[in-house]
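Model, not experiment: these values are computed from the prediction. Counting starts at 1 for both ligands and their atoms, in listed order.
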Amino acid sequence: MSTILDRFLDTNIQDLKDRGLYNEIDPLESANGPVITIGGKKLLNLSSNNYLGLATDERLIEAAREALEKYGVGAGAVRTINGTLNLHVQLEEAIARFKGTEDAISFQSGFNCNMAAISAVMDKNDAILSDTLNHASIIDGCRLSKAKIITYEHSDMDDLRKKAKEATESGKYNKVMVITDGVFSMDGDIAKLPEIVEIAKEFDLITYVDDAHGSGVTGDGAGTVKHFGLQKEIDFQIGTLSKAIGVVGGYVAGKRKLIQWLKVRSRPFLFSTAVTPADAAASRKAIEILTDSKELVEKLWDNGRYLKEGLKKLGFDVGNSETPITPCIVGDEKLTQTFSQRLYEEGVYAKAIVFPTVPRGTGRVRNMPTAAHTKEMLDEVIAIYEKVGKELNLI
Ligand code: PMP
């Protein structure tokens, strides 16, 4: 007999499938490098956030192996009981140096970090000014805080200024925060941080930048805040250890007293066990590599420019990306899925990104070139795009 839950699930799953909004998951049988294997098929991979190829870097693997052998597989307790290993502390010190801040705190993921950090500082008597294209974890973190959420049009500084003025002059809120992605991952554009800082100063706002896609990419690798030289102006610098860094985890970098507060007030830090010893050691090694050398970051940008130019020349709409992220905007959701499927059949893994991840009618196949791709691989990708693009009348 079908239950109320069965009926809910059957109707809604079918509805998503009918509208081309249901994403299937394809498990990898290989590392998430420039070439992957799925179902026995080798594919050129343009869908990972492993921007610098560090997920398979021998130096990280060696650091993880040493940590695994010395400390075992798990941290054993939450950070505030006795699950803080010196590896976690060393990682946080390395993050603070890398980001140019007094201190840093790490979390189990970037998602968790936003859940933790926003609600540790903001509450129901506060307001948060949030870019309409902010990541889901920022939105959920804001909701968890119970602060009033006021969205401003994507990167529209006039709208932000107007809403900052209204919120602060209303006298209704104790504190007001402005929160933004550093790099918007679906389009590859960079937040206008100098203007945001100016508005924040004018209206006494707390500033919060989630640079998940900028860390390891912009600002010679140190991120979007560094790119603009605003390390002293941004209160919260958020990053993940799961993308360019190649491992897993998230962090806040900022002033010492902010980090002290987060250590006593952020619930995922207090009530959930930290990343494993191997994760912490591998992340620290990655950050040390990026602090010492720009080679991988330069290779990433070089590959990004090469792919973008190649696709643009063919006539694809690659949007307004300012970073190596290269969207190919199609529009219609079903056509986007077909495009991605045909690319897959021809040997390119480039995922369709559709509503609700991006607004309706702006479906795109998103390409994430990495430092680990060779020019030959990218030439092959461009040739396959040409073939499939012509076949589907996209170019
Ligand atoms: N913030 C932003 C802006 C992101 O793009 C992502 C990942 N998609 C996250 C946070 C979550 O990071 P993680 O995968 O480390 O949880």
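- In this structure, R360 is positioned above the aromatic face of F355, its NZ or CZ under 6.0 Å from the six-membered ring centre and within 45° of the axis.
- In terms of the side-chain contact (heavy atoms from CB on, under 4.5 Å) criterion, residue partners of T276 (sequence neighbours excluded) are, by chain and number, A278, D279.
- Evaluation of the side-chain contact (heavy atoms from CB on, under 4.5 Å) rule for V297 yields L52, L290, W301 as partners, not counting sequence neighbours.
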Between ligand 1 and the protein, which N/O pairs fall short of 3.5 Å?
unit_1   : atom_1 : unit_2 : atom_2 : d
ligand 1 : 1 (N)  : D210   : OD2    : 2.6
ligand 1 : 5 (O)  : H213   : NE2    : 2.9
ligand 1 : 8 (N)  : H135   : NE2    : 3.2
ligand 1 : 8 (N)  : K243   : NZ     : 3.0
ligand 1 : 14 (O) : S242   : OG     : 3.4
ligand 1 : 15 (O) : G110   : N      : 2.9
ligand 1 : 15 (O) : S242   : OG     : 2.8
ligand 1 : 16 (O) : G110   : N      : 3.2
ligand 1 : 16 (O) : F111   : N      : 2.9

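- Relative orientation of the F184 and H154 rings is perpendicular, given thresholds of 30° and 60° on the angle between their planes.
- Salt-bridge check for E309 with K313: failed, with every basic side-chain N at 4.0 Å or more from each acidic carboxylate O.
- Within the structure, the side-chain hydrogen bond (donor to acceptor under 3.5 Å, both in side chains) test picks out the following pairs touching residues 256-274 (sequence neighbours left out): Q108-S272.
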